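FYI, side chains are in, hydrogens and waters are out, and symmetry mates aren't considered; it's all heavy atoms of this structure. A note on names: the letters A, B, ... follow the listed sequences, proteins ahead of strands, and every chain is numbered from 1. Model, not experiment: these values are computed from the prediction.
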Number of protein chains: 2
Amino acid sequence: MPRRNVVKPAPSQPEPTILDVARKARVSKSLVSMVIRGEEGVSPKNREAVLQAIEELNYRPNVIARSLVQRRTRILGVMISDLRNPFFGDVVSGIQMRAEDLGYRVLFNTGERVPNLEEAAIESLLELRVDGLILAAPRVDDTVIERACRVVPVVVLNRDTSATCSDSVTNDNLAGARLAVEHCANLGHTRIAHIDGGSGAGAGVRREGYLRAMRQLGLEDSIVTVEGAFTENGGYLGARELLSRSPLPTAIFAANDICAIGAMKALEEAGLRTPADVSVVGYDNTSLATLPQISLTSVQQFGADIGRLGLECIFERIEGKRSTPRHEVVAPTLVVRASTGPPPAKPKALR
Amino acid sequence: MPRRNVVKPAPSQPEPTILDVARKARVSKSLVSMVIRGEEGVSPKNREAVLQAIEELNYRPNVIARSLVQRRTRILGVMISDLRNPFFGDVVSGIQMRAEDLGYRVLFNTGERVPNLEEAAIESLLELRVDGLILAAPRVDDTVIERACRVVPVVVLNRDTSATCSDSVTNDNLAGARLAVEHCANLGHTRIAHIDGGSGAGAGVRREGYLRAMRQLGLEDSIVTVEGAFTENGGYLGARELLSRSPLPTAIFAANDICAIGAMKALEEAGLRTPADVSVVGYDNTSLATLPQISLTSVQQFGADIGRLGLECIFERIEGKRSTPRHEVVAPTLVVRASTGPPPAKPKALR
DNA sequence: GGCGTCCTCTGGAACGTTCCAGGTTGAGGA
DNA sequence: TCCTCAACCTGGAACGTTCCAGAGGACGCC
């Protein structure tokens, strides 16, 4: 246990308590409590007096004390693996909105993608006695998730987990990959390559989805995959690898948007235009894909919906309505933009 | 006061308390407390026994109860006006890192840029009795800030405020605007136009910085400003406005990166190339500016530093080391990329 | 008039910690 | 042997709420 309590309490003037309000309104603290919680059975006269005293004293209920006696905090803990990835902005927004409706506060946290830090972040939320835990694409070990489950409802977002105790919400990566491949095929492409996401969460499934779709379309002979990553550089290197092979693909399905952007950079450097020479499809449909200079066709996984569903899972558990795991899969869609088009009539040779 | 407490406490099995640990280790609760807090003066034998009991029971200290008696939560509240703006990702990261060092938790919140919601978010943090409040570019009224100051140390980031009670950390918008203008002038531009940020926070100051820099460089006759916004559409419309006038500028200083991206779109549509025909400079140096397809020259305001400084301000107050306001201004720098270059020898006419 | 019922209100006991004043022990010195 | 002192430990009183059992009136009914 860390040693932390060296600092003395801040010597600010004490804030008014429920007792101060009670004295001022000449009623009991219980009555004040009833008014605060909006309970029935308080005479209009007293309710008015209490409300006025609250106003005059600038009283604010102490949710810490409330949480202690109720043994619930009405706080939901959310551990976000990466606060800078625009995709999680959507997720957070979905969580926040729904939480507000349900009368919960949301406490965000991050471990900056480092497993140890993420574990500490989770522990920190548990010490706070959050009523539920949402883990957005966590990189921690399954055992950490299992341990958290013993104390509090947990839902894992956008990550496969073998932990049997938690709920999960993911996007259908198989279907998403199929959408991307079929879109290219429908445009007339046959030489459709895939730059995968390396060891990133969900990368394996997307790769599998690509393989299956290609086979299903009778394009198994054109299957080409190279290793990439969920980063711009991963996409760049993956595309370079593709460019070094022959024949060139006429379409590339990248593991995610950032990866696709890196790939587009490599293509541009090689003198290939998108989509005239090579079409590119991304995944996530982040705000990046919508930028006019990029205008990337991308598989959309509805981040806000994923967040909202995660919150609903948690809430069912908190309410005691359910105690068996629920695994929700959100169907992705394809958003077509300017980065894809028909294959060139006569494939361009590299300069 | 809202009525919220309809739901009964979740009937999970009770978590072990300090008393359970004490019983198991055959010591008093006070001794356990001492071990948890890492105090001196505990015999090695007992310390060992307590630690073991904690381990076996999977005990986790209840920070809620601790907060109640200590009358401090060791939680810092952070209200972020816009969680999707990548700039705030940096700010949050700076806050989080420093907070961890100092043994504080950080509770994030957002009001999604709606003043009323933001006020509610702040109120919610105050009810939680956070030890300090960080407001990142809040859109609330100054009176709301003043009221919060009465209860807890407050620091306002990236926003001018007339509230005299709070600390503030801002970036030097005047200097940033000057950097942008001087960079263009150094490249040989004279017709440097500005698309401003409309009523957004800091927009006025950046505009003023542009005006001063132009005058200082003797370019007052070339001053051209149009109204824009901190959005892509704002930049697009602003650029269209510029394109409708004559003579065309050879460089554009946009209020913000997203705004610059919108402007670039308008230029592209008009058949003008960046930077061959028109150079463009943004502000914020967000991750967007670094994308290879965009490669935007931009004024960097160090978000992480701003967050870190804000946290340090709060901490000084909490520690009681200071009770007078501190106003910190961070110097911006310019990051030059591919969107700026020398003016065309013979300015292009519009198609 | 007595009784039951409803409405309104109240005091005290939790909740799980920390902090404080003081207790116990054993060693060492007079 | 007794006293002192340090080292180590302990129980009880907070902290600011909620919740519960029940008190006290007013009223209506028999």
By side-chain contact (heavy atoms from CB on, under 4.5 Å) - contacts of [X] (at least two apart):
{"X": "B/Glu56", "value": "B/Lys24, B/Gln52"}
{"X": "A/Val63", "value": "A/Arg66, A/Arg105, B/Glu127, B/Leu128"}
{"X": "B/Pro115", "value": "B/Arg139"}
{"X": "B/Val114", "value": "B/Leu117"}

In sequence, state the C-alpha distance, the side-chain angles, and the governing distance for B/Asp142 and B/Arg159, and then conclude on salt bridge (Lys or Arg N to Asp or Glu O under 4.0 Å). CA-CA 11 Å; B/Asp142 276 343; B/Arg159 189 247 228 198; 2.9 Å; yes
With sequence neighbours left out, which residue pairs that include part of residues 41-50 of chain A fulfil the salt bridge (Lys or Arg N to Asp or Glu O under 4.0 Å) condition?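 Output for this query is empty, none listed.
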Per-pair distances, 0.1 Å, donor-acceptor, side chain in residues 305-312 of chain A, under 3.5 Å, sequence neighbours excluded:
| unit_1 | atom_1 | unit_2 | atom_2 | d |
| --- | --- | --- | --- | --- |
| A/Asp305 | OD1 | A/Arg308 | NH2 | 3.3 |
| A/Glu312 | OE2 | A/Arg98 | NE | 2.7 |

So which protein N/O to nucleotides 22-24 of chain C N/O distances come out below 3.5 Å?
none

Polar atom pairs (N or O), protein with nucleotides 5-7 of chain D, under 3.5 Å:
none

At under 4.0 Å between heavy atoms, what does A/Val42 touch on the DNA or RNA strands: base, sugar-phosphate, or nothing? sugar-phosphate
Assess whether a salt bridge exists between B/Glu15 and A/Arg71, defined as any Lys/Arg side-chain N lying under 4.0 Å from an Asp/Glu carboxylate O. no
Residue set satisfying side chain to side chain donor-acceptor pair (under 3.5 Å) with A/Ser93, at least two apart, ordered chain then number -> B/Arg84
Contacts of A/Ser168 that satisfy side chain to side chain donor-acceptor pair (under 3.5 Å) - sequence neighbours left out: A/His327
Should A/Ile18 and A/Ser33 count as side-chain neighbours, where that means a heavy-atom distance under 4.5 Å? yes
Treating B/Asn158 as the side-chain partner and B/Ala137 as the backbone partner, does any N or O pair qualify as donor plus acceptor under 3.5 Å? no
Restricting to nitrogen or oxygen on both sides, can you table the protein-nucleotides 10-17 of chain D pairs closer than 3.5 Å?
| unit_1 | atom_1 | unit_2 | atom_2 | d |
| --- | --- | --- | --- | --- |
| D/dT10 | OP2 | B/Ser28 | N | 2.8 |
| D/dT10 | OP2 | B/Ser28 | OG | 3.0 |
| D/dG11 | N7 | B/Ser30 | OG | 3.1 |
| D/dG11 | O6 | B/Ser30 | OG | 2.5 |
| D/dG12 | N7 | B/Lys29 | NZ | 3.1 |
| D/dG12 | O6 | B/Lys29 | NZ | 2.5 |
| D/dC15 | O2 | B/Val69 | N | 3.4 |
| D/dT17 | OP1 | A/Tyr59 | OH | 2.9 |
| D/dT17 | OP2 | A/Ile18 | N | 2.7 |
| D/dT17 | O5' | A/Tyr59 | OH | 3.3 |

Axis deviation across the helix from C/dG1-D/dC30 to C/dA30-D/dT1, five-pair ends, to the nearest 10°: 70°
In whole Å, what is the span from the CD atom of A/Glu39 to the C1' atom of D/dC19?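 Between C1' of D/dC19 and CD of A/Glu39: 9 Å.
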Would you compute the distance between atom CG of B/Asp131 and atom CZ of B/Arg72 and round it to the nearest 0.5 angstrom? 5.5 Å
